[in-house]
Every structure is written in C-alpha cells, then in structure tokens.
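Read the structure below first, then the notes.
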There are 2 protein chains.
Amino acid sequence: MRHKLAFIGFGIVGQGLAEILRDKKEALRQQEGFEPLIVGIADLMKGSIYHPDGLDIDTILQTLEKTGDLENYPSTTGLSTSWDSFKMIRESNADTIIEVSYTDVQTGQPAIDHCRAAFKSGKNVVMTNKGPVALAYNELSKIADDYGVQWGFEGTVMSGTPALRMPVTSLAGNRITEIRGIFNGTTNFILTKMEEEGVPYEEALNEAQKLGYAEADPTSDVEGYDARYKIVILANHVMHIPLTVEEVSCKGITDITLKDIEEAKGEGKRWKLLAKLKNEGGRVLASVAPEKVQVTDPLASINGATNAITYECDLLGPVTLSGAGAGKVETGFSLLIDLINIHREKKLVNI
Amino acid sequence: MRHKLAFIGFGIVGQGLAEILRDKKEALRQQEGFEPLIVGIADLMKGSIYHPDGLDIDTILQTLEKTGDLENYPSTTGLSTSWDSFKMIRESNADTIIEVSYTDVQTGQPAIDHCRAAFKSGKNVVMTNKGPVALAYNELSKIADDYGVQWGFEGTVMSGTPALRMPVTSLAGNRITEIRGIFNGTTNFILTKMEEEGVPYEEALNEAQKLGYAEADPTSDVEGYDARYKIVILANHVMHIPLTVEEVSCKGITDITLKDIEEAKGEGKRWKLLAKLKNEGGRVLASVAPEKVQVTDPLASINGATNAITYECDLLGPVTLSGAGAGKVETGFSLLIDLINIHREKKLVNI
C-alpha cells in the first residue's frame with residue numbers, strides 16, 4: 001500500500017523532504033516497506049497541483065526550478081491545479097499532510113487550522129512549524145486522538161535530532177525531573193565564536209548571518225524566543241506539563257560581552273544560552289537565559305551550531321543527546337522519521 | 001491484561017528490575033497501562049518458585065533477604081518450587097522471560113539455550129547478557145521472528161541508555177556509516193583519573209576496584225573485550241552487518257602511561273578507549289583501541305564511568321548519545337524499557 005502525501009507549503013524544508021524521498025526510494029522500500037507517493041502540493045506562492053494517482057518527484061522539482069510555478073507541471077488526465085490548502089487537506093486522497101506552510105509563529109496560523117482540518121478529515125499530519133505545538137498542544141493532540149490519526153512534529157525542537165521521540169520511546173518508565181538544553185544553533189554559534197576567536201557580539205552575529213545561521217532580523221534567536229517555544233513543546237510532549245509560552249522567563253544573549261566570556265573562562269566555565277525546565281514537587285520552573293556552565297558539564301562542550309539536550313531521569317540519571325538543530329536535509333529528515341514511525345505503526349495495526 | 005514475567009536468574013540486575021516494578025507499579029499502570037505480574041523465578045543458587053496467579057514482589061525480596069532462599073516463600077495453594085530454568089521457560093504461563101542468568105560470556109551459555117527454549121515456547125525474552133546477542137544474533141533473531149515473539153536486549157550495550165533503541169526508532173531512514181563510542185565505564189574512569197589526578201594506571205585501577213567499577217579480575221574491561229562484544233552487537237542490530245567477535249581488532253589500555261597522557265594533553269587531546277565500526281563501501285572496519293581524541297570531539301568530554309556513542313548519519317550528520325553504562329537501577333531500567341516497548345506493541349496489535 002502506497003502512503004499518500006500532500007504538502008501544504010513547499011519551501012526549503014518541503015523540497016528537502018521531497019529530495020530525500022526521491023533519493024532514498026529504494027532503501028525505504030527495502031528496509032521499511034515504506035512507499036510514499038506525493039499526490040498533492042499547495043503552496044501560496046508556488047501554486048498548487050494534485051493528482052490522485054501521484055506526481056513524479058523529479059518532474060515536480062524540475063518544473064519548480066525551471067518555471068517557479070508548480071502549475072506548469074505537465075498536464076495529464078486527472079491532474080488538478082489551483083486547489084487551496086484547505087481543499088487539498090479536505091478533498092485530496094492523501095493519508096498524511098506534510099504541514100510546512102509559511103506560518104506566523106506568534107499565532108501559529110495558518111498551520112493550526114491546517115492541523116484541525118486534516119485531523120477532522122481523518123488525515124495524519126507531520127510538521128516542522130513550532131507554533132501549533134507550542135500554542136495548541138492539548139487541543140490538537142485531543143482532536144488527533146479523537147479521529148484516530150497521528151501527529152508528528154519531531155522537527156520542531158532539534159530538527160531531525162530526536163529530542164522528542166527518543167525520550168518517549170526509550171526513556172519511558174523514568175520520571176524526567178529536569179530538562180536542560182541548547183536549542184538554538186545561531187546563539188550557540190555566536191557564543192562559541194566570541195569565546196574561541198575573541199570577536200565581539202556584533203561581529204559574531206554578522207558572521208552567523210553571512211553563513212545563513214542567523215536571519216536578517218535575528219530577534220527570535222538572540223532574544224531567546226525560539227528556544228522558549230522549544231522548551232514549551234518539550235514540557236507538553238515529554239514532561240506532560242501544560243506549560244504556556246508566557247510562563248517561561250526569557251533573556252537573550254545580546255548583553256553578553258567579551259569581558260563576560262573572559263571572566264567565565266577564568267572560572268573554568270563557558271557561557272551557553274540554556275533553556276531549562278524543572279518540576280520540583282509540582283512547582284514548574286521554566287526559563288531561557290544565558291548561563292555560565294562548568295566545562296565538565298556535557299552541555300559545555302557543545303560548539304557552534306550544534307544543539308543538545310540533557311534529560312534528568314529518576315532511574316537512569318542524566319542522558320544527553322546532541323546533534324544538528326537545523327538544515328534543509330536535517331529538517332527534511334525530521335519529517336521522514338515521523339512518516340516512518342506512522343508507517344511502522346500502521347503495519348503493526350494491520351498485522 | 002497482566003503481562004506475566006518469569007525471571008531466569010535473580011542477581012543484582014534482576015532484583016533491580018523487581019524493585020522498579022514494585023516502586024513504579026502505579027505510574028506504569030497509569031501512564032502505560034502496563035501491569036506486570038511476576039509468576040516465577042528460577043535461580044541456580046537462590047532456588048526456584050512459581051505461581052501461575054503471581055507472586056508478591058515485597059514477599060519475594062524479603063524472603064530472599066531474610067533466608068537467602070526463594071523457596072522459603074510462604075507456601076500457598078498452587079505454589080511450585082524447584083523448577084529448573086528450562087521447566088520455568090517451557091511450562092510457566094509467563095508471557096516474557098527476563099533472562100538474567102549467570103552466563104559465560106565466552107560461550108553465551110546457558111543464556112543462548114534459554115532464548116531458544118523461550119522463543120520456541122512462544123515467549124518473549126528481555127535480557128542483559130551480552131553473549132547471546134554478540135554470538136548468536138542471526139540465529140536467535142530468526143527464531144524469535146519465526147515464532148512471532150519479541151527479543152529485547154537494550155541493556156547489553158550502555159545499560160539503560162538507549163544505544164540500540166534510539167537509532168532503530170529515531171534515526172531510521174539514515175544510512176549510518178560509522179559508529180564510535182566509549183562503551184566501557186571502568187576504563188574511562190581509569191583514564192579520566194589518570195588525566196585529572198595524575199595517578200598511574202595501577203593506582204587508578206585500584207580505585208576503580210574499590211568503588212565497584214572494576215572487578216577483581218579486570219581483564220575483560222581493561223583489555224577491551226567488553227567493548228568488543230558491544231561493537232559486535234551494534235554492528236548486527238543497528239548497522240545490519242553480520243560481524244563476529246573475532247573480526248574486531250582489540251587493544252586495551254594497560255600500556256597507557258602517565259607520559260602518554262601528558263603528551264596528549266600537550267596536543268590538545270585526551271586518551272579514550274574507543275570502539276569503532278565503519279562501513280566503507282562494503283568494507284567493514286571494526287576495532288577497539290585507545291586513541292587520542294581532539295578535545296573538541298563530543299567523546300572527549302565524556303568523563304568517569306559515563307558511556308557515549310556517536311552515530312554518523314548520511315542525512316542527519318553526527319548524533320551523540322551519552323549516559324550511564326552500568327548500575328543496578330540503570331540496568332534494571334534497560335529491562336523495563338524493553339518490557340514497555342513489547343507492551344506498547346502488543347496494545348497496538350490488539351487495537
């Protein structure tokens with residue numbers, strides 16, 4: 001049985017997944033029995049195409065590269081164009097919606113409405129948009145459950161590095177009492193650069209922008225807002241705490257000076273932008289702030305754009321996971337691993 | 001439905017699991033719907049008890065503590081004693097066998113025969129004995145598959161730290177091209193001690209023995225044999241390479257001197273006993289040997305008895321996991337997470 005996919009949005013991450021599905025076609029079939037079929041794409045800027053029998057990935061990517069408009073996909077019987085995102089979600093024959101639309105992280109829209117519509121149409125959703133998970137976790141989880149569909153969002157915390165799936169599949173049975181992490185590659189790159197090369201904040205930020213790690217407006221990263229969303233997602237999904245964004249105290253790295261960095265070095269410490277979440281007998285402490293970390297702490301050695309997370313477990317003690325926190329292929333993979341796990345579960349249920 | 005368990009062997013790790021099952025009873029029921037019931041224990045030295053309706057964990061542990069003999073468990077209708085391990089495996093009503101017998105790591109026996117008997121009786125096995133997995137992976141996997149039962153052995157590599165389950169559940173879809181790890185806490189403790197305190201090898205080893213990290217005969221740890229078994233398990237289970245123990249070159253840490261340690265420091269490096277496995281276009285390189293690691297390498301900052309593993313993934317790049325590699329509760333937990341995953345799968349199949 002083919003697993004039919006419709007993309008809502010088709011930017012860098014969506015195209016990254018499409019390329020992986022093309023390049024890994026044979027391996028996914030052999031190793032997982034997973035045979036994805038893209039039936040539709042609806043993108044506000046790039047147009048919309050749908051064919052219930054499937055579209056060819058190479059033709060999609062070439063059409064887009066050559067003409068910038070998906071609707072120039074070669075016309076065939078059964079091909080529809082110009083469906084909007086909600087028509088694609090509700091009326092396509094997709095099993096799973098790949099939600100990678102351009103979404104306002106403040107409101108989580110239109111991704112939240114896309115999820116609601118998909119679940120109510122009996123379709124799974126996999127996504128990388130943080131907003132819906134940070135802002136509407138309980139509501140959306142409940143709708144997905146009610147309609148018996150799956151909701152995957154591994155990519156919302158550390159791109160494909162399994163910050164969400166690892167604890168859920170592999171640390172279950174522990175009470176996780178505390179989570180500490182470096183969830184923002186941009187700020188970690190800047191701090192590492194300041195420390196290792198002695199360049200001031202502004203220069204390190206410029207370099208991060210040149211390399212594509214930081215956006216033209218770096219506010220969301222350097223003020224800690226990005227990391228704050230991620231700690232909210234971890235609280236809800238991993239620690240089952242209904243934390244909201246407003247409840248997380250948040251301080252960025254813009255005040256950190258070279259003098260601070262040097263002082264920390266003298267104390268055997270390194271500055272890191274740490275996101276922390278602690279459950280102390282029912283009292284929840286959640287914060288994002290720069291902190292001087294002992295060099296012996298596993299998080300101290302996380303350099304450059306790498307992300308890392310430490311889970312304090314009552315049975316197992318501290319467990320630390322580190323890896324990529326961004327990137328086209330890495331985030332594309334986060335969607336793939338969500339799809340693979342939906343597929344595996346479906347196989348089990350259908351035994 | 002209760003998940004019925006029989007222990008083969010009841011040493012430190014088995015008792016560790018029993019204590020966890022007792023202390024976490026309510027949490028496991030609420031969070032997982034998992035309700036384990038110990039129906040039998042067969043231990044060569046501590047005796048054997050079986051009751052098809054279940055045994056009380058507190059009574060088991062108290063009987064053992066007070067009398068040293070499980071067969072002093074209070075007599076009740078339906079209680080059997082003196083069953084040997086194979087009778088327990090074949091004739092008990094257990095769903096899953098907890099295989100924690102005292103086993104010769106050279107031959108993998110009697111654990112290999114215990115697995116064969118359990119699978120052929122339609123029973124799942126969870127275990128911490130490395131021998132059967134390192135020596136008979138293909139045969140035992142096939143029997144388990146043929147009989148439609150599960151085989152869990154998370155605890156054989158890094159105790160409860162999910163070195164096996166994490167890549168299988170969360171990195172699938174990647175081709176893992178290389179694995180590097182610190183899989184032996186004893187030797188890492190010794191090397192850390194030599195480096196941080198400038199004590200010679202023999203003194204560091206004595207300290208490890210005093211603290212219970214090293215055995216009276218430390219050969220298996222310090223010569224790298226323990227790590228060699230673990231790299232074989234990873235090769236077979238995670239990288240699907242039918243590697244055998246004999247194919248892994250192996251060198252221990254007994255030759256490392258304080259002079260070596262100091263030299264490495266001068267080069268910005270640290271000595272680590274690294275287990276490595278690489279698949280270079282079909283050519284497999286597998287080794288255990290001390291190596292000077294750059295301080296910037298995530299494995300360089302792994303101190304003391306902690307274990308760590310780096311997976312090089314074609315899509316996601318390097319992913320590193322670190323945590324406990326030994327301990328009564330930590331290894332007891334490795335059995336629990338195998339049980340929880342068997343239970344979750346059973347729930348799905350029975351939807």
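Sequence lines set the chain letters: A, B, ... in the order given, protein chains first and strands last, and positions in each chain run from 1. What you are looking at is a predicted structure, and each value in this text was computed from that prediction instead of being measured.
Residue B/L211 places its CG atom among more than 12 non-hydrogen atoms of other residues, nucleotides or ligands, all under 6.0 Å distant. Dense packing is recorded around NZ of A/K265, with more than 12 heavy atoms of other residues, nucleotides or ligands lying under 6.0 Å away. No more than 12 heavy atoms of other residues, nucleotides or ligands lie within 6.0 Å of CZ in B/R175, so this atom counts as exposed by the packing criterion.
For B/E32, the part lying near chain A is the side chain, with the backbone staying farther off; criterion is any non-hydrogen pair under 4.5 Å. With a 4.5 Å cut-off on non-hydrogen atoms, A/L339 does not touch chain B at all. With a 4.5 Å cut-off on non-hydrogen atoms, B/R344 touches chain A through its side chain but not through its backbone. With a 4.5 Å cut-off on non-hydrogen atoms, B/L321 touches chain A through its backbone and its side chain both. Interface remark: B/N174 contributes backbone and side-chain atoms alike to the contact with chain A (heavy atom separation under 4.5 Å).
Note that CD of A/Q31 and NE2 of B/H240 are 6.5 Å apart. Values are rounded to the nearest 0.5 Å. Separating the CG atom in A/L348 from the NZ atom in B/K347 is a distance of 13.0 Å, to the nearest 0.5 Å.
The candidate with the highest count of non-hydrogen atom pairs below 4.5 Å against chain B, out of A/V319, A/N303, A/T320, is A/T320. Per-residue heavy-atom pair counts under 4.5 Å with chain B were compared for A/G160, A/A324, A/A308, A/S159, and the maximum is reached by A/G160. Of the listed residues B/K24, B/E345, B/M166, the one with more heavy-atom pairs under 4.5 angstrom with chain A than any other is B/K24. The candidate with the highest count of non-hydrogen atom pairs below 4.5 Å against chain A, out of B/Y311, B/F34, B/F333, is B/F333. With chain B as partner, the option from A/G317, A/G332, A/P162 having the largest number of non-hydrogen pairs under 4.5 angstrom is A/P162.
Closest non-hydrogen pair, B/I340 versus A/A172, comes out as CD1-O, 3.6 Å. Considering all non-hydrogen atoms of both residues, A/N341 and B/T169 come closest at ND2-O, 3.0 Å. Looking at every heavy atom in both residues, B/L315 comes nearest to A/V329 through O-CG1, 3.5 Å. Closest heavy-atom contact between B/L171 and A/I337: N-CD1, 4.1 Å. For the residue pair B/G173 and A/L336, the shortest heavy atom distance occurs at CA-CD2, 4.2 Å.
Between A/L316 and B/T161, some side-chain heavy-atom pair lies under the 4.5 Å cut-off.
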